2 protein chains.
Amino acid sequence: MTDLFHAAKQNRIFQDVVDQIQEAIISGKIEVGEKLPPERELKEMLQTSRSTIREALRVLEQKGLIEIKLGMGGGAIVTTVSADQVTESLDLLIKSQNVSLNHLAEFRERVEGDVAELAAGRVTDEDIRELKKLLEDAKKYVDMGIDYITHFWEADKKVHLAIADISRNPIYISICKTIHYNIIHYLMKYLPMRVNVMAENYKDLCDIVESVELGKSDDARNLAKGHVRRFNRYMKKMQDEETV
Amino acid sequence: MTDLFHAAKQNRIFQDVVDQIQEAIISGKIEVGEKLPPERELKEMLQTSRSTIREALRVLEQKGLIEIKLGMGGGAIVTTVSADQVTESLDLLIKSQNVSLNHLAEFRERVEGDVAELAAGRVTDEDIRELKKLLEDAKKYVDMGIDYITHFWEADKKVHLAIADISRNPIYISICKTIHYNIIHYLMKYLPMRVNVMAENYKDLCDIVESVELGKSDDARNLAKGHVRRFNRYMKKMQDEETV
DNA sequence: TGTAATAAATGGTCTGACCATTCGGAAAGA
DNA sequence: TCTTTCCGAATGGTCAGACCATTTATTACA
């Protein structure tokens, strides 16, 4: 029913099972948290075989509609659809379309700007406390020197994702996750391993957080955008030198 | 390997099969268009049972990595990953009511702005010809009146997607596709069925295309953003009235 | 030569068995 | 009586082997 996307391979029984269960979930006939009947019962209910039921469950699981637990009291539990599936498919898309660093960078500049802008308009005191804590972590790694650059990037990522959370927009949140998951590989490869890069980056983060705290949307946007852009330039430069 | 997202239910053999095949596909060891070995061979190669292989194939199929054909000469064919899976997951997310129209609208405003800006910097004469042709189509439906509003939205969508193409950034292209696929449902539901809405919209499109043609990035961005924003306001108003 | 019958390859389904994990309750011990 | 241990049932995971349905290639026949 939802699948306007696949050319309806007909006569696939498991697809019919998928459709029926998905319909039941989306329409709310089965609540989130509820358990589907065990495979052996579904088999009877739908007058089919267990293997067919299981293939259908694999599809539903991959769609993020159910989660399967082992053992007695286990089974297929209807889950709240999260952004994870969007993230995963976007991730696959990026990986297999050979999206270049430039494409990703161009996209990231704008997304991080948007997110910072939105966050500045929606931040709470609680959020600020969380951000400050994350900044402290980052600062720690800056002080510990270049050997901790990996830890620093982790902390940096956490700050960015925290800001994304503050945007309160699940689309931006999942997209930021995807970007960071994909960009880390480039960061490691192309960013110069110098202490002042860490320090510079840390300062940027502080500035962005400050604008967000003060609710200065435009500043937050521009700072975030500029921040990402500068690092994109670093990376591009390194990349170009490499290919000479 | 790609799945940092699921809590790694270990000891699931089919998951291991999924990972191995996915790795082979993403890394390019198997080219797009190539066929995977038949199930009975995979079974031997991976020292497992056919049902396990099949469950893995269901997952890969759902991920959009393979496509399965029946009969002799059929089998699992590696496909180019399209935006369809992203679209489908986002679609599910929206249906499960974790993403509201507001979230989608907020996101779209910015994305369309970005895309128009990029397009203005990269457009060719060829592109302009194509855009002008699409605008003519749209105009036709405007003139034909309110009964053709569905056709008009189709034409409108084509213009937006054409502009996305001109951005030359596959990430933006995929995301625009996803947005438009998901927003059409709201358009139908909430946009007032008045002729002047069509006319207004058409005029916006013309303005945007003109800025793109002239390479005025900032204008293009602001026009596109404003265009989307106004329609978001329309939709929000209708939605609010509905829930009173 | 062209068309129809046939065979072979391949995915789809079914059955029934056994294994692995988990949880609750029964049994054993303190 | 309370706690700990252990066993067994429920449930998902895997396996083997059979047969069906669809599609394509081949062969036979007119």
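The structure presented is a predicted model; accordingly, all values stated were derived computationally and were not measured. Chain naming here is simple, since letters A, B, ... match the order of the sequence lines and numbering starts at 1 in each.
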Provide a list of protein-nucleic acid N or O atom pairs under 3.5 angstrom, restricted to nucleotides 4-7 of chain D.
none

Partner residues of [X] under the side-chain contact (heavy atoms from CB on, under 4.5 Å) criterion, sequence neighbours left out:
| X | answer |
| --- | --- |
| B/K35 | B/I77 |
| A/P38 | A/E41 |
| A/S51 | A/S49 |
| A/T150 | A/M188 |

- Note on the structure: Regarding the side chain of A/S49, the nearest nucleotide among C/dG12, C/dC14, D/dG12 is C/dC14

- Message: Counting only side-chain heavy atoms from C-beta out, which of D/dA16, C/dC14, D/dG13 sits nearest to A/I13?
- Response: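 Minimum distance to the A/I13 side chain belongs to C/dC14.
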
- Per-nt protein contacts along nucleotides 17-22 of chain D (heavy atom under 4.0 Å; B base, S backbone sugar-phosphate only, - none) come out as -BB--B

- Could you tell me, to 10°, how much the axis swings from one end of the helix from C/dT1-D/dA30 to C/dA30-D/dT1 to the other, five pairs per end? 10°

- Message: Can you list everything that forms a salt bridge (Lys or Arg N to Asp or Glu O under 4.0 Å) with B/E109? Sequence neighbours excluded, please.
- Response: B/R229

- Just jot down the salt bridge (Lys or Arg N to Asp or Glu O under 4.0 Å) partners of A/E136, sequence neighbours excluded, or say none. none

- Once you round to the nearest 0.5 Å, how far does SG of A/C176 lie from CD of A/E112?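 Output value for this atom pair is 5.0 Å.
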
Whole-Å distance separating the [atom1] atom of [X] from the [atom2] atom of [N]:
| X | N | atom1 | atom2 | answer |
| --- | --- | --- | --- | --- |
| B/I53 | C/dT10 | CD1 | C1' | 15 Å |
| B/R54 | C/dT10 | CZ | C1' | 10 Å |
| B/L57 | C/dT13 | CG | P | 13 Å |
| B/E67 | C/dG12 | CD | P | 12 Å |
| B/L60 | C/dG11 | CG | C1' | 15 Å |
| A/I77 | D/dA10 | CD1 | P | 19 Å |
| A/E44 | C/dC14 | CD | P | 12 Å |
| A/L46 | C/dG12 | CG | P | 19 Å |

Taking only side-chain N and O atoms of [X], does any of them lie within less than 4.0 angstrom of OP1 or OP2 on [N]?
| X | N | value |
| --- | --- | --- |
| A/T48 | C/dT13 | no |
| B/T52 | D/dC15 | yes |
| A/R12 | C/dT13 | no |

- Message: Just so I know, are the side chains of B/P170 and A/H103 near enough to count as touching, which here means a heavy-atom distance under 4.5 Å?
- Response: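 Counting from C-beta outward, B/P170 and A/H103 do come under 4.5 Å.
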
- By side chain to side chain donor-acceptor pair (under 3.5 Å), which residues pair with A/K43, not counting sequence neighbours?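 A/K43 satisfies side chain to side chain donor-acceptor pair (under 3.5 Å) with no residue once adjacent residues are dropped.
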
- Can A/K133 and A/D137 be counted as an ion pair, charged N to O under 4.0 angstrom?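 Salt bridge absent between A/K133 and A/D137.
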
- Which pairs with one or both residues in residues 153-175 of chain A pass salt bridge (charged side-chain N to carboxylate O under 4.0 Å, His left out), sequence neighbours excluded? A/D127-A/R168

- Query: For A/Y141, which residues count as a ring pair (Phe, Tyr, Trp, His ring centres under 6.0 Å) partner, sequence neighbours excluded?
  - Reply: A/H151

